[in-house]
Amino acid sequence: MRVRQIPCLGDNYCHLIIDEETGSAAIVDPANGPKIAAVLHDEKVTLTHILCTHHHWDHTGGIPHLLDEFADLQVVAGAQDAERIKGTTLAVLDGQRFAVGELEAQVIDVPCHTRGHIAFLFDGALFSGDTLFVAGCGRFFEGDAAQMHKALNLRFAVLPPETKVYCGHEYTVSNLRFAQSLEPDNPALRAKLLWATAQCEAGHSTVPSTIGEELTTNPFMRLNSPEIQAATGATRPVQVMQRLRELKNAF
Ligand code: ZN
Ligand code: FE
């Protein structure tokens, strides 16, 4: 399995998942149809799947173009977002599995940013959309803090620490600045902010991360940190999550 990152629309990332054994490919969250089509021609792979983490236009805007240009596409979306994603052919539920070439994907339901937001887990790689960002998380547009806590800390945190995290946006530096305001003495955070700043200044991506790195740097996955509990004035996980989101929105 190989993943090619396609930057779109300023700060969105679309990820092309290629099964090198069969030449089949899946695109996660196609924001820009023509740009993705050009990459597909360049790679000489066969697009078989469009994988939608959620219905927002900056993750689905390229679908009509791809449906026009490529035949027999499976368009996969979470059951609760599917009616808002035109062209969906497969509305999936938590735990559902499907194949891209010889790769196996598993659906993880993570409602909150939207009520039908899902993540896709491949062997060693999580495609987290706008639920988990590097050092941050998505806004709670259609859900609440309890749901985001479940998604990040009960569903994602238990994945093997080396699992790569491919998210939907390049928000890393501002997320890390917020994180550092809460935990100024966290050495992993300081190192990652230096690295991410240099990456961005050089025009490079900070994605993917790993689950292990998120556990040491992402405040939304560090609800037990004494500094974070002090900064939020809360100790119960859902309350810490809620306060963190409010503080980040105002940061
Ligand atoms: Zn979104
Ligand atoms: Fe987005």
Side-chain angles (χ1 to χ4, degrees), residues 3-17 26-36 39 49-66 75-88 91-92 94 107-121 125-152 155-156 164-176 178 196 200 205-209 214 218 220-221 241-242 244-246 248-249 251:
V3 179
R4 177 161 167 182
Q5 187 170 74
I6 307 169
C8 286
L9 308 175
D11 62 26
N12 275 75
Y13 287 130
C14 311
H15 289 106
L16 182 66
I17 302 167
I27 185 77
V28 182
D29 288 354
N32 180 322
K35 190 164 184 184
I36 289 158
V39 171
H49 290 72
I50 296 176
L51 308 182
C52 307
T53 63
H54 66 295
H55 73 85
H56 288 158
W57 67 273
D58 62 316
H59 299 255
T60 55
I63 294 175
H65 181 96
L66 294 175
V75 182
V76 184
Q80 296 293 314
D81 268 21
E83 81 261 22
R84 294 182 287 180
I85 301 175
K86 273 212 183 91
T88 300
V92 289
D94 188 48
V107 174
I108 304 178
D109 257 347
V110 284
C112 181
H113 182 70
T114 68
R115 65 174 181 268
H117 198 302
I118 56 174
F120 297 96
L121 181 64
L126 176 72
F127 296 85
S128 61
D130 285 2
T131 293
L132 172 59
F133 294 128
V134 181
C137 71
R139 289 178 184 250
F140 307 170
F141 287 127
E142 300 176 10
D144 60 25
Q147 289 176 310
M148 188 57 84
H149 170 52
K150 183 178 177 194
L152 301 186
R155 305 300 306 270
F156 292 166
K164 289 196 164 80
V165 177
Y166 293 91
C167 60
H169 290 273
E170 179 64 61
Y171 291 158
T172 304
V173 168
S174 73
N175 285 343
L176 286 167
F178 171 66
C200 289
S205 172
T206 66
V207 175
S209 181
E214 292 314 299
N218 189 324
F220 297 91
M221 295 180 80
M241 176 64 75
Q242 175 65 31
L244 276 177
R245 189 64 258 176
E246 290 164 7
K248 177 66 169 72
N249 290 350
F251 185 70

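When a ligand or atom number is given, it counts from 1 through the structure's own listing order.
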**Student:** Is there an N/O/S atom in Asp29 that lies less than 2.8 Å from the Fe ion (ligand 2)?
**Tutor:** no

**Student:** Please confirm if an N, O or S atom belonging to His59, backbone or side chain, lies less than 2.8 Å from the Fe ion (ligand 2).
**Tutor:**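 Given the 2.8 Å cut-off, His59 counts as a ligand of the Fe ion (ligand 2).
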
**Student:** So, is His56 placed with an N/O/S atom under 2.8 Å from the Fe ion (ligand 2), counting both backbone and side chain?
**Tutor:** no

**Student:** Does any N, O or S atom in Asp130 come within less than 2.8 Å of the Zn ion (ligand 1)?
**Tutor:** yes

**Student:** So what does the Asp130 OD2 - the Fe ion (ligand 2) - Asp58 OD2 angle come to, to 10°?
**Tutor:**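 Nearest ten degrees: 170°.
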
**Student:** Okay, side chain of Asp81, backbone of His55: is any donor-acceptor separation there less than 3.5 Å?
**Tutor:**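 Side chain of Asp81 to backbone of His55: a pair is present.
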
**Student:** As a test of understanding, state which of His113, His117, His54 forms a ring-ring contact (aromatic ring centres under 6.0 Å, His included) with Phe141.
**Tutor:**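 Among His113, His117, His54, the one meeting ring-ring contact (aromatic ring centres under 6.0 Å, His included) with Phe141 is His113.
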
**Student:** Pick one: which of Phe178, Tyr171, Phe156 meets ring-ring contact (aromatic ring centres under 6.0 Å, His included) with Phe133?
**Tutor:**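 Answer to the ring-ring contact (aromatic ring centres under 6.0 Å, His included) test with Phe133 among Phe178, Tyr171, Phe156: Tyr171.
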
**Student:** Is there a donor-acceptor contact under 3.5 Å from the side chain of Asn12 to the main chain of Asp58?
**Tutor:** yes

**Student:** Mark yes when over 12 heavy atoms from residues, nucleotides or ligands other than Lys164 sit less than 6.0 Å from its NZ; otherwise mark no.
**Tutor:** no

**Student:** Decide, counting backbone as well as side-chain atoms, whether His56 has an N, O or S atom less than 2.8 Å from the Zn ion (ligand 1).
**Tutor:**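 Short answer: yes, at least one N, O or S atom is under the cut-off.
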
